[in-house]
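Residues: numbered from 1 along the sequence shown.
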Amino acid sequence: MNKDRIEYVLNAIFYCIWLRQVKFGLMCKRLFQCILSVTTKLFLTNERRDRFYFGYNKRQIELSKYQFNKEYGLAINLAKDSFGLYTYFPFSIFSFASMGAFVRMFYDINLIVFIVISAVPLIASDILVRKTVYKDKRYLKYFEKFEKEDEKWHKKWKRRTRIFTLASLLSLAISILSGFAILTFS
């Protein structure tokens, strides 16, 4: 795989994770509005309810700008955190296996060694993500391209994102189990 293909794949996965965060935010917003609607009907008079919703609607416009902005919004920051974790998990196999082997050989692990062994895969995954997705806000260019794609493309990449997410979670479980297996079995 060449660098451009890896960059495209990682940006497409990041885009789908961002879409998932946006949909989750909209779902929470609708749920809150339903609860708020019932509460205001029960506890406020018509006049107070009208005054409340006048101010509420103005604040919702500002909140939506903050929540769904592609550069600095809440959804993009949550997507960055999730994407960072999902790309770290496959690299964690080295970390947990090394820790298990180190404890098996020396019966104890120093805090500095623990930090170094944990930091190496984290730094490796962070370098990969920063160079392919976050550098010069490259993901914004890809987002514009991905928004123009058809529904078939979106379904395909949502499926691939789910597979990527499940595979990274599975690799985390395997890495923890491999660390314990190295530690307990001879």
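- A 4.5 Å side-chain heavy-atom check between Lys80 and Tyr134 finds at least one atom pair inside the cut-off.
- Hydrophobic clustering (side-chain heavy atoms under 4.5 Å, transitive across Ile, Leu, Val, Met, Phe, Trp, Tyr) keeps Leu74 apart from Leu19.
- One distance of note links NZ of Lys155 with CZ of Arg159; it measures 8.5 Å at 0.5 Å rounding.
- At a threshold of 4.5 Å between side-chain heavy atoms, the hydrophobic network of Ile, Leu, Val, Met, Phe, Trp and Tyr places Ile163 and Tyr88 in two separate groups.
- When side chains are defined from C-beta on, Val9 counts as touching Arg5, because their heavy atoms get closer than 4.5 Å.
- With rounding to the nearest 0.5 Å, the separation of CG in Asp4 from OG1 in Thr132 is 11.5 Å.
- Between Ser125 and Phe91 the shortest heavy-atom distance is CB-CD1, 3.4 Å.
- By the 4.5 Å heavy-atom criterion applied to side chains, Ser64 and Lys29 are counted as neighbours.
- Among residues at least two apart or in separate chains, side-chain hydrogen bond (donor to acceptor under 3.5 Å, both in side chains) pairs with a member in residues 8-26 are Tyr8-Trp153, Tyr15-His154.
- Within the 4.5 Å cutoff, side-chain heavy atoms of Leu170 are placed close to those of Ile174.
- In this structure the side chain of Lys41 reaches within 4.5 angstrom of the side chain of Ser37, judged on heavy atoms.
- Ring pair Phe14/Phe83 is tilted by interplanar angle, where 30° to 60° counts as tilted.
- Distance CZ/Arg30 to CD1/Ile35: 14.0 Å, rounded to 0.5 Å.
- No single ILVMFWY cluster, assembled from side-chain heavy atoms under 4.5 Å apart, contains both Ile123 and Leu128.
- Taking CZ from Arg51 and CZ from Phe54, the interatomic distance works out to 11.5 Å, rounded to the nearest 0.5 Å.
- Linking Ile, Leu, Val, Met, Phe, Trp and Tyr residues whenever their side-chain heavy atoms come within less than 4.5 Å leaves Leu63 and Tyr56 in two separate clusters.
- Counting heavy atoms from C-beta outward, Ile76 and Tyr139 have side chains that approach closer than 4.5 Å.
- Relative ring orientation between Tyr142 and Phe146 is described as tilted, the plane-to-plane angle lying within the 30° to 60° band.
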Run Phe24 and Leu78 through side-chain contact (heavy atoms from CB on, under 4.5 Å) and show every step you take.
CA-CA 11 Å; Phe24 181 73; Leu78 290 173; over 6 Å; no
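- Atom CZ of Arg160 has more than 12 neighbouring heavy atoms from other residues, nucleotides or ligands inside a 6.0 Å radius.
- When all heavy atoms of Phe89 and Ser168 are compared, the pair lying nearest together is CB-O, 3.1 Å.
- Looking at Asp136, its side chain never comes within 3.5 Å of a backbone N or O of Arg138 through a donor-acceptor pair.
- Taking a 6.0 Å sphere around CG of Leu42, one finds it holds more than 12 heavy atoms contributed by other residues, nucleotides or ligands.
- Hydrophobic clustering places Trp157 together with Leu140 (ILVMFWY residues linked when any side-chain heavy atoms are closer than 4.5 Å, directly or through intermediates).
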List the steps, then state whether side-chain contact (heavy atoms from CB on, under 4.5 Å) holds for Leu169 with Thr165.
CA-CA 6 Å; Leu169 292 172; Thr165 304; 4.3 Å; yes
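- Here the closest heavy-atom approach between residue Thr161 and residue Cys16 is recorded as OG1-CB, 3.1 Å.
- For the pair Leu10/Val129, no side-chain contact is recorded, criterion being any heavy-atom separation below 4.5 Å from C-beta on.
- Pairing each heavy atom of Thr87 with each of Phe164, the nearest pair is CG2-CZ, 3.9 Å.
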Is there a side-chain contact (heavy atoms from CB on, under 4.5 Å) between Ile13 and Tyr86? Walk through the geometry before answering.
CA-CA 10 Å; Ile13 290 171; Tyr86 295 145; over 6 Å; no
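- Ionic pairing of Glu147 and Lys70 is present here: one or more N-O contacts between side-chain nitrogen and carboxylate oxygen are shorter than 4.0 angstrom.
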